[in-house]
Amino acid sequence: MKKDYEVIIIGGGPAGLSAGLYTSRARLSSLLIEKMGVGGQIADAERVDNYPGFPEGISGFELGQLMHQQATKYELETLLAEVTGIELQEGRKVVQTTEGNFTAKAVIIASGSERRKLGIPGEEEFTGKGISYCATCDAPFFKEKPVVMVGGGNAAITEALYLTKFASKVTVIHRRDQLRASPILQEKAFSEPKIEFLWNTVIEEIEGENVVQRIRLRNLLTGEKLDLDVSGVFVAIGLKPDTDYLKGVLPLDAAGYIIANDRMETAIPGIFAAGDIRRNSARQAITAAGDGATAAIYAEKFVTE
Ligand SMILES: Cc1cc2nc3c(=O)[nH]c(=O)nc-3n(C[C@H](O)[C@H](O)[C@H](O)COP(=O)(O)OP(=O)(O)OC[C@H]3O[C@@H](n4cnc5c(N)ncnc54)[C@H](O)[C@@H]3O)c2cc1C
């Protein structure tokens, strides 16, 4: 494998794969580095109905695989590794990874975002043993078992509805007294007999022996405490940009998102940001793909001029 490229792309979600399609098709030597598996977050979507070109909808996993297939057709190289840092050198960027260092003239950062954690006792211990951040991935493990979904936005309610196909009961736990999810989703959730709601409530602790067995809850208005026996805890309380490895390299906003202009250029010439990781992104597959294409077009100009 080569060590030096014209463009390195960090992240293999819709933004990174679209960027890779454009840079490799422009005949720039391009390396895409992905730490988990190509597709990014969209691979977790059971069905995607709003990506143009698929009038019948498509599974998120399949969409990710097709994007990868199309990008690699034009000789985009992909590497499974985690990027741990970027160092700036005269005329080149050094991308540090768990598989060694690689250099490039331009870097497109498309490392997206990840689910926020609850930050409570038991969360780390039981992750993968009853706690999940992806209902579409893990719901089948909870057939005929009681589960909870923490959150009140679109992701939480979409996933709670999906969980009803498997679980015996889904309790939505929300810290407020109303949902933020879209009216259509709310209507569906309120009319679903398997879904119950616990309002103004937070989980304080997750307990069990080897696997999740119960959660300790507190009502934020009354202070009342309650224990609930459950087998699964699903969490969808928002996203966090994957930018820890960029601290000190690039200016980030207060929430950790990368600040970029409408050409996807960051404060550092030759470093571009695309997709969910960018401040003010609409956080959709189509907008991420659009960002990736824009970043690639301006990265090509940067490399060739
Ligand atoms: C369950 C679910 C359902 C969704 N449904 C829809 C939908 O129906 N329609 C829609 O338009 N959008 C949907 N979305 C949102 C959509 O998936 C995202 O907006 C989109 O995937 C963002 O693309 P991205 O490429 O910017 O980032 P991501 O998809 O987050 O991809 C980033 C990639 O970078 C990798 N990465 C992160 N850090 C590093 C590192 N240090 N080194 C190497 N690789 C790294 C990650 O592993 C990841 O693969 C959904 C999201 C979820 C979670």
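Because the structure is a prediction, the values reported are computed rather than measured. Numbering of ligands and ligand atoms starts at 1, following listing order.
Looking at Glu207 and Arg214, a side-chain N of the basic residue comes within less than 4.0 Å of a carboxylate O on the acidic one, giving a salt bridge. Ion pairing of Lys2 with Glu77 is absent here, as no side-chain N (NZ or NE/NH1/NH2) approaches a carboxylate O to less than 4.0 Å.
For atom 42 (N) of ligand 1, the nearest non-hydrogen atom from the set Asp44, Ile9, Leu32, Val83 belongs to Val83. The option with the heavy atom closest to atom 6 (C) of ligand 1, from among Ile42, Leu63, Thr97, Leu17, is Ile42. Between the choices Gly11, Gly60, Gly292, the shortest heavy-atom distance to atom 34 (O) of ligand 1 belongs to Gly11. Scanning Ala45, Gly40, Gly64, Pro14 for the heavy atom closest to atom 3 (C) of ligand 1 points to Ala45. Taking only non-hydrogen atoms, the option from Leu80, Asp276, Thr243 nearest to atom 18 (C) of ligand 1 is Asp276.
Residue, atom and distance of the protein heavy atom nearest to atom 30 (O) of ligand 1 are Gln41 NE2, 2.8 Å. The nearest protein atom to atom 47 (O) of ligand 1, hydrogens excluded, is given as Glu34 OE2, 2.7 Å; this is a heavy-atom distance. Scanning the protein for heavy atoms near atom 31 (O) of ligand 1, the closest one is Gly13 CA, 3.5 Å. Annotation: atom 12 (N) of ligand 1 to nearest protein heavy atom, Ala285 N, 3.4 Å. Nearest to atom 1 (C) of ligand 1 among the protein's heavy atoms is Glu159 OE2, 3.5 Å. Here the protein heavy atom with the shortest distance to atom 27 (O) of ligand 1 is Gly112 CA, 3.3 Å.
The shortest N/O to N/O separation between Asp49 and ligand 1 does not fall below 3.5 Å. The shortest N or O to N or O distance between Ala15 and ligand 1 is under 3.5 Å. An N or O contact shorter than 3.5 Å links Arg283 to ligand 1 by distance. Of the polar atoms of Gln284, at least one N or O is found under 3.5 Å from an N or O of ligand 1, judged by distance alone. Remark: ligand 1 and Ala288 share no N or O pair separated by less than 3.5 Å (distance only, no angle test).
Considering Ile8, Thr98, Ile10 in turn, Ile10 is the only one that fulfils the side chain to side chain contact (heavy atoms under 4.5 Å, CB included) rule with Val83. Applying side chain to side chain donor-acceptor pair (under 3.5 Å) to Asp276 and the options Gln41, Gln284, Arg283 leaves one that passes, Gln41.
Closest of all the heavy-atom pairs between Asp227 and Arg216 is OD2-NH2, 3.0 Å.
Within the 4.0 Å heavy-atom criterion, neither part of Tyr51 lies near ligand 1. Looking at Glu114 against ligand 1, nothing comes within 4.0 Å, counting heavy atoms. Residue contacts with ligand 1 for Ser113 involve N, CA, C or O but no side-chain atom from C-beta outward (heavy atoms, distance under 4.0 Å). Proximity of Ala81 to ligand 1, defined as any heavy-atom pair under 4.0 Å, is confined to the backbone N, CA, C and O atoms.
Residue Tyr245 has at least one heavy-atom neighbour below 4.0 Å for each of these atoms of ligand 1: 41 (N). Remark: ligand 1 atoms within the under-4.0 Å shell around heavy atoms of Arg115 are 1 (C), 53 (C). Which parts of ligand 1 touch Glu82 is read off a 4.0 Å heavy-atom cut-off, strictly below it: atoms 41 (N), 42 (N). If you number the atoms of ligand 1 from 1 as listed, the ones under 4.0 Å from a heavy atom of Ile33 come out as 43 (C), 44 (N). When each atom of ligand 1 is checked for a heavy atom of Gly275 under 4.0 Å away, the hits are 26 (O). Near Gly12, with a cut-off below 4.0 Å to any heavy atom, the atoms of ligand 1 are 33 (C), 34 (O).
In Glu196, the CD atom is not crowded: 12 or fewer heavy atoms of neighbouring residues, nucleotides or ligands sit closer than 6.0 Å. At most 12 heavy atoms of other shown residues, nucleotides or ligands fall within 6.0 angstrom of atom CD1 in Ile184. Annotation: Lys240, atom NZ; neighbour count of heavy atoms from other residues, nucleotides and ligands within 6.0 Å is above 12.
Using a non-hydrogen distance threshold of 4.0 Å, Asn50 registers as a contact of ligand 1. For Ala135, the closest heavy-atom approach to ligand 1 does not fall below 4.0 Å. Using 4.0 Å as the threshold, Arg278 has no heavy atom nearer than that to any atom of ligand 1.
Note: Phe190 and Phe197 meet the aromatic proximity criterion, with ring centroids under 6.0 Å apart.
Listed by first and then second residue, the ring-ring contact (aromatic ring centres under 6.0 Å, His included) pairs that reach into residues 86-135 come to none, sequence neighbours excluded. Each ring-ring contact (aromatic ring centres under 6.0 Å, His included) pair with one or both residues in residues 223-253, not counting sequence neighbours, appears once here: Phe142-Phe234.
Follow the hydrophobic side-chain contacts under 4.5 Å out from Tyr5 and you reach Ile268 in the same cluster.
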